[in-house]
Amino acid sequence: MNKINLPQASKLTSPNPVTLVCTKKADGTTNLATVSWWTYLSFNPGMIGFAMMKSSYSGEMTRENKKVILTIPGEALAKEVMGCGTATGRTTDKVTKLGIELQHISDSDIQIPVHTRAAILCTLKEFVEVGDHYLYICNVDEVYGNEAEIALFAWNGYAEIRPAK
Ligand SMILES: Cc1cc2nc3c(=O)[nH]c(=O)nc-3n(C[C@H](O)[C@H](O)[C@H](O)COP(=O)(O)O)c2cc1C
């Protein structure tokens, strides 16, 4: 075994999960941000967690509105997932710029991408400082799925977005 650092380890653990975190902006429209650092925390009750840079707009909107949807993007969104991970909703309307088609979903006023394999609707329970990120710990309100969509993953660490097969 060779001594390595965490970014190098993230390449060895590829493919890594990838989500589009959907939050509601002040004007009511949806912001999308790419997040790999998420995990199931509890099935009963349903809970998930995700970590975002302290400066992220999605984090700010999650703290403000307490509502957030984690979505697993479908294959058609590979390019857009990279785009949502390289611009901030603070200054860019990513949905319009990237031409991402959204759908309404029951039980939420946050829209999500049409090409979504799974959507986890959450309410923020608490957030904890973890180094340069905040860890958002959320209660799961509802979950929706669409097996017809093929899930995307992050490869080579977080450098490429494509399905697992
Ligand atoms: C594949 C990939 C995975 C990413 N994973 C995370 C993550 O887990 N946490 C995070 O804070 N940022 C992550 N990012 C970077 C954010 O998506 C990026 O900082 C984005 O601009 C945040 O947008 P926002 O300010 O609209 O929330 C990732 C980017 C890519 C391309």
Side-chain angles (χ1 to χ4, degrees), residues 5-41 47-100 102 108-113 115-138 140 149-165:
N5 58 29
L6 276 179
Q8 289 167 328
S10 76
K11 292 188 179 175
L12 299 187
T13 59
S14 298
N16 294 310
V18 82
T19 64
L20 282 177
V21 166
C22 310
T23 51
K24 195 169 83 167
K25 296 195 272 189
D27 66 1
T29 62
T30 294
N31 185 47
L32 302 174
T34 307
V35 167
S36 282
W37 294 1
W38 84 278
T39 182
Y40 298 103
L41 293 175
M47 295 181 72
I48 59 97
F50 65 95
M52 287 204 81
M53 289 287 288
K54 287 175 178 168
S55 59
S56 78
Y57 188 56
S58 304
E60 186 182 328
M61 292 301 100
T62 301
R63 296 193 299 276
E64 198 166 302
N65 302 325
K66 313 281 184 236
K67 293 288 182 185
V68 57
I69 305 180
L70 263 65
T71 62
I72 305 303
E75 194 175 14
L77 293 179
K79 197 162 61 71
E80 290 78 0
V81 165
M82 202 45 97
C84 288
T86 47
T88 175
R90 210 179 287 285
T91 51
T92 306
D93 180 349
K94 291 185 246 186
V95 170
T96 304
K97 187 180 166 201
L98 299 167
I100 299 172
L102 299 182
S108 179
D109 58 358
I110 305 172
Q111 289 185 275
I112 66 167
H115 294 291
T116 292
R117 181 170 167 88
I120 306 173
L121 283 63
C122 303
T123 301
L124 178 66
K125 179 171 182 279
E126 59 186 296
F127 66 99
V128 181
E129 187 175 1
V130 282
D132 51 9
H133 284 53
Y134 288 129
L135 171 65
Y136 296 91
I137 299 171
C138 300
V140 173
E149 293 284 350
I150 294 169
L152 288 168
F153 290 85
W155 289 82
N156 187 18
Y158 307 102
E160 282 169 63
I161 304 294
R162 55 185 162 87
K165 288 188 218 167

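Along the sequence shown, residues carry numbers from 1. Order of listing sets the numbers, starting from 1, for every ligand and every atom in it.
Ligand 1 has no N or O atom lying under 3.5 Å from any N or O atom of Val81, backbone or side chain. The shortest N or O to N or O distance between Tyr158 and ligand 1 is not below 3.5 Å. For the pair Met53 and ligand 1, the shortest N or O to N or O distance falls below 3.5 Å. Any N or O atom pair closer than 3.5 Å counts here, and Gly59 shares no such pair with ligand 1. Ligand 1 has no nitrogen or oxygen under 3.5 angstrom from a nitrogen or oxygen of Ser56. Residue Leu32 has no nitrogen or oxygen atom sitting less than 3.5 Å from a nitrogen or oxygen atom of ligand 1, judged on distance alone. Residue-to-ligand polar distances place Tyr57 within reach of ligand 1: an N/O pair is separated by less than 3.5 Å.
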Could you check Thr13 against Asn16 for side-chain hydrogen bond (donor to acceptor under 3.5 Å, both in side chains), going step by step and ending with a plain yes or no? CA-CA 6 Å; Thr13 59; Asn16 294 310; 2.9 Å; yes
What's the verdict on salt bridge (Lys or Arg N to Asp or Glu O under 4.0 Å) for Arg162 and Glu75, showing C-alpha distance, side-chain angles and the deciding distance? CA-CA 7 Å; Arg162 55 185 162 87; Glu75 194 175 14; over 6 Å; no
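Considering each of Lys94, Met52, Lys25, Met61, the one bringing a non-hydrogen atom nearest atom 23 (O) of ligand 1 is Lys94. Nearest to atom 26 (O) of ligand 1 by heavy-atom distance, out of Gly157, Gly89, Pro17, Cys84, is Gly89. Counting only non-hydrogen atoms, the option in Thr86, Thr34, Asn31 that gets closest to atom 30 (C) of ligand 1 is Thr34. Summarising the contacts of atom 22 (C) of ligand 1 with Ser10, Ala33, Ala51, Ser36, the nearest heavy atom is found in Ala33.
The closest approach between a heavy atom of Arg90 and any atom of ligand 1 is not below 4.0 Å.
Under a 4.0 Å criterion applied to the non-hydrogen atoms of Ala87, ligand 1 contributes the atoms 20 (C), 21 (O), 23 (O). Listed by atom number, the atoms of ligand 1 under 4.0 Å from Ser58 heavy atoms are 24 (P), 26 (O), 27 (O). In the vicinity of Met82, heavy-atom distances shorter than 4.0 Å reach the ligand 1 atoms 31 (C). The Ile161 neighbourhood of ligand 1 comprises atoms 1 (C), with distances under 4.0 Å to a heavy atom of that residue.
Distance alone, capped at 3.5 Å, places no donor-acceptor pair between the Lys25 side chain and the Ser58 backbone. Thr71 contributes a side-chain N or O that, together with a main-chain N or O of Leu20, makes up a donor-acceptor pair within less than 3.5 Å.
Under a cutoff of 6.0 Å and an axis angle of 45°, Arg63 and Phe127 form a cation-pi pair.
Scanning the protein for heavy atoms near atom 15 (C) of ligand 1, the closest one is Gly85 O, 3.7 Å. Of all protein heavy atoms, the one closest to atom 8 (O) of ligand 1 is Trp37 N, 2.9 Å. Protein heavy atom in closest approach to atom 25 (O) of ligand 1: Thr88 OG1, 2.6 Å.
The nearest pair of heavy atoms linking Ile110 to Lys67 is CD1-O, 3.8 Å.
Ring geometry for Tyr158 versus Trp37: interplanar angle over 60°, hence perpendicular rather than tilted (30 to 60°).
In this view, Lys125 and Met47, Asn139 satisfy the side chain to side chain contact (heavy atoms under 4.5 Å, CB included) rule, not counting sequence neighbours. Applying the side-chain hydrogen bond (donor to acceptor under 3.5 Å, both in side chains) test to Asp93 and every residue at least two apart in sequence or in another chain returns Thr96.
Within a 6.0 Å sphere centred on NZ of Lys54, other residues, nucleotides and ligands contribute more than 12 heavy atoms. In Leu12, the CG atom is crowded: over 12 heavy atoms of neighbouring residues, nucleotides or ligands sit closer than 6.0 Å.
If you run side chain to side chain contact (heavy atoms under 4.5 Å, CB included) between Phe50 and each of Thr19, Val68, Ile120, Leu41, only Val68 comes through.
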